[in-house]
Amino acid sequence: MKRFVCRFVIWIAIALALAIAADYMITAGLVKTDIRKYSTWNDIFKGGLDADLLVLGSSQAWCGYNTYIFDSVLNLNSYNLGFDGHPIDFQLIRYSTYRRFNKKPQTLLINTVFVGTLDVTAHVQYEREQFFPYICDDSLISAVADVKKITGFDRHLPLYRYFGYREDFENGISSFFGEKDFFYGGMHKGYKCKLDHWDRGPLLPLDTIITLPIHVNAVHMLDSLVDVSCREGINVVFVKSPIYYPLRAKFSNIGQIDSVYQAISQKYNIPILDYSFSGISMDSSCFVNPTHLNCFGAESFTLKLCHDLDSIAHR
């Protein structure tokens with residue numbers, strides 16, 4: 001019996017050592033990739049970004065606000081915090097994490113589109129794996145654990161959180177051993193343009209009319225963000241980036257959503273730059289789908305935005 005117990009302990013120790021080693025390699029690999037899910041978090045935790053101009057938003061932001069153009073046209077240091085698939089609550093988690101490791105921006109562009117911004121993140125598993133490499137950062141993990149169902153086993157049992165995420169497991173190992181080119185890589189300061197061909201999606205052909213959520217907590221979060229930012233001396237600008245114009249007819253309460261933004265804008269005397277009715281919004285060749293700009297659309301939009309921001313600065 002004693003021999004059996006000794007062997008059992010030895011095998012457990014070996015398995016634990018291997019799990020710790022594999023966990024370390026995967027995590028170390030993922031924190032140096034430029035894969036979209038991890039790239040922005042990696043940049044944030046490295047620190048030293050110290051952007052003059054910072055973009056806050058969801059997927060419309062990361063594929064629509066071209067940081068190459070911001071830097072070259074406005075002659076500043078920009079960064080795009082666009083957070084795929086997550087509304088204002090998780091955008092603020094990313095922003096607060098950014099502020100822990102980087103100085104405050106001079107200008108904060110908040111992408112206030114009518115789709116998704118005034119909502120809160122439900123209990124969804126979408127890309128919960130993006131938080132795995134930063135499992136030891138208590139501030140971040142505590143903020144997302146409830147929604148993303150990150151448990152004590154995920155936090156304390158080596159390798160456990162990566163079970164079921166084979167692609168991320170393999171990408172982490174590959175990156176650890178020197179792989180640099182990944183299919184979803186190529187991010188530049190939080191921006192990556194979309195090369196996909198136009199897809200009108202499922203909504204446009206339907207007769208369905210949708211009422212978009214306006215969550216009271218989301219409105220409070222946005223108001224509080226603007227309040228604190230203005231008191232910190234940050235120039236806040238609301239930006240309604242282009243969304244394919246025919247899509248507007250599918251939603252019943254865009255005016256109500258716009259009134260929320262207008263009220264906050266007037267309360268804190270901040271500008272709203274609205275591209276909802278721009279030429280870009282009317283042209284499907286600028287989009288990969290009704291809500292996301294392609295490379296050409298992002299370039300055209302960002303150039304126009306730079307011109308308008310420069311005009312505001314010289315008023």
Side-chain angles (χ1 to χ4, degrees), residues 40 49-83 86-89 91-92 94-96 98-99 102-118 189-191 218-243 254 257-281 291 293 297-315:
T40 300
L49 295 178
D50 301 336
D52 305 306
L53 182 149
L54 202 62
V55 177
L56 199 66
S58 59
S59 54
Q60 289 93 359
W62 70 258
C63 68
Y65 291 71
N66 188 321
T67 46
Y68 292 102
I69 293 176
F70 280 132
D71 292 356
S72 60
V73 173
L74 297 178
N75 192 30
L76 47 67
N77 177 31
S78 66
Y79 198 89
N80 188 332
L81 291 180
F83 200 168
H86 293 80
I88 189 67
D89 55 344
Q91 293 170 28
L92 286 175
R94 175 168 278 185
Y95 178 62
S96 65
Y98 174 94
R99 290 294 301 274
N102 302 272
K103 72 178 185 181
K104 69 179 182 182
Q106 296 175 11
T107 300
L108 180 63
L109 304 183
I110 304 177
N111 191 54
T112 49
V113 294
F114 60 83
V115 181
T117 302
L118 296 181
K189 301 174 78 172
Y191 165 74
V219 176
H220 175 73
M221 290 175 193
L222 182 60
D223 185 285
S224 179
L225 169 64
V226 176
D227 180 26
V228 171
S229 298
C230 289
R231 286 191 279 109
E232 287 184 312
I234 298 172
N235 299 314
V236 180
V237 181
F238 282 174
V239 183
K240 297 179 184 178
S241 61
I243 288 180
I254 294 177
I257 292 171
D258 285 345
S259 69
V260 172
Y261 299 140
Q262 189 65 42
I264 296 175
S265 169
Q266 292 175 351
K267 180 179 179 180
Y268 298 102
N269 192 29
I270 62 172
I272 299 178
L273 297 178
D274 189 354
Y275 301 90
S276 303
F277 305 95
S278 65
I280 298 172
S281 295
T291 55
L293 294 166
E299 288 182 12
S300 301
F301 162 60
T302 309
L303 283 169
K304 173 61 176 169
L305 178 56
C306 285
H307 176 270
D308 294 340
L309 290 171
D310 190 56
S311 297
I312 291 173
H314 288 89
R315 285 178 184 173

Can you name the residues that form a ring pair (Phe, Tyr, Trp, His ring centres under 6.0 Å) with Phe70, not counting sequence neighbours?
none
Going from CG on Leu54 to CG on Asn77, what distance comes out if it is rounded to the nearest 0.5 angstrom?
9.5 Å
Check step by step if side chain to side chain contact (heavy atoms under 4.5 Å, CB included) holds for Thr107 and Leu76.
CA-CA 11 Å; Thr107 300; Leu76 47 67; over 6 Å; no
What residues form a side-chain contact (heavy atoms from CB on, under 4.5 Å) with Asp258, not counting sequence neighbours?
Lys240, Arg248, Ile254, Tyr261
Taking only residues two or more places apart in sequence or in another chain, which ones pass side chain to side chain donor-acceptor pair (under 3.5 Å) with Glu232?
Arg99
When you measure from the side chain of Ser276 to the backbone of Ile243, do you find a donor-acceptor pair of N or O atoms at a distance under 3.5 Å?
no
Among residues at least two apart in sequence or on other chains, which ones pass side chain to side chain donor-acceptor pair (under 3.5 Å) with Ser224?
none
For Tyr268, all residues meeting side-chain contact (heavy atoms from CB on, under 4.5 Å), sequence neighbours excluded
Asp223, Val226, Asp227, Cys230, Ile264, Ile270
By salt bridge (Lys or Arg N to Asp or Glu O under 4.0 Å), Asp89 pairs with (sequence neighbours left out) none
Considering all heavy atoms, the nearest Ala51-Ser78 contact:
CB-C, 4.1 Å
How long is the gap from CG on Leu92 to CE on Met221, to the nearest 0.5 Å?
7.0 Å
With the side chain counted from C-beta on, respond yes when Ile234 and Pro105 share a heavy-atom pair under 4.5 Å apart, and no when they do not.
yes
So, using side-chain contact (heavy atoms from CB on, under 4.5 Å) as the criterion, who are the partners of Asn102 when residues are at least two apart?
Ile44, Leu49, Asp50, Tyr98
Do side-chain atoms of Thr302 reach the backbone of Asn66 as a donor and acceptor pair under 3.5 angstrom?
yes
Side chains of Ser241 and Asn111: donor-acceptor distance under 3.5 Å anywhere?
yes
Would you please name every residue forming a side chain to side chain donor-acceptor pair (under 3.5 Å) with Gln91, sequence neighbours left out?
none
Partner residues of Phe301 under the ring pair (Phe, Tyr, Trp, His ring centres under 6.0 Å) criterion, sequence neighbours left out
Tyr65, Tyr275
Start with the C-alpha gap between Ile280 and Leu293, add the side-chain angles, then the distance that decides, and say whether side chain to side chain contact (heavy atoms under 4.5 Å, CB included) holds.
CA-CA 9 Å; Ile280 298 172; Leu293 294 166; 3.8 Å; yes
Once rounded to the nearest 0.5 Å, what's the spacing between atom CG of Leu309 and atom CG of Leu53?
6.5 Å
Kindly compute the distance separating OG (Ser96) from CG (Leu225), expressed to the nearest 0.5 Å.
10.5 Å
Shortest non-hydrogen contact from Thr40 toward Gly190:
OG1-CA, 3.8 Å
Tell me, please, which residues at least two apart from Gln106 pass side-chain contact (heavy atoms from CB on, under 4.5 Å).
Asp52
Ile312 side chain near Asn235 side chain, heavy-atom distance below 4.5 Å
no
In terms of heavy-atom contacts, Cys63 and Ala298 come closest through O-CB, 3.6 Å
If we ignore hydrogens and angles and just use 3.5 Å, is the side chain of Arg94 paired with the main-chain N or O of Leu56 as donor and acceptor?
no
Please list, chain by chain and in numerical order, all residues satisfying side chain to side chain donor-acceptor pair (under 3.5 Å) with Ser59, sequence neighbours excluded.
His292
Sorted by chain and number, sequence neighbours left out, salt bridge (Lys or Arg N to Asp or Glu O under 4.0 Å) with Lys104 holds for none
What is the distance from atom OG1 of Thr112 to atom CD of Gln262, rounded to the nearest 0.5 Å?
10.5 Å
The reported gap from CG in Leu305 to CD1 in Ile69 (rounded to nearest 0.5 angstrom) is 10.0 Å
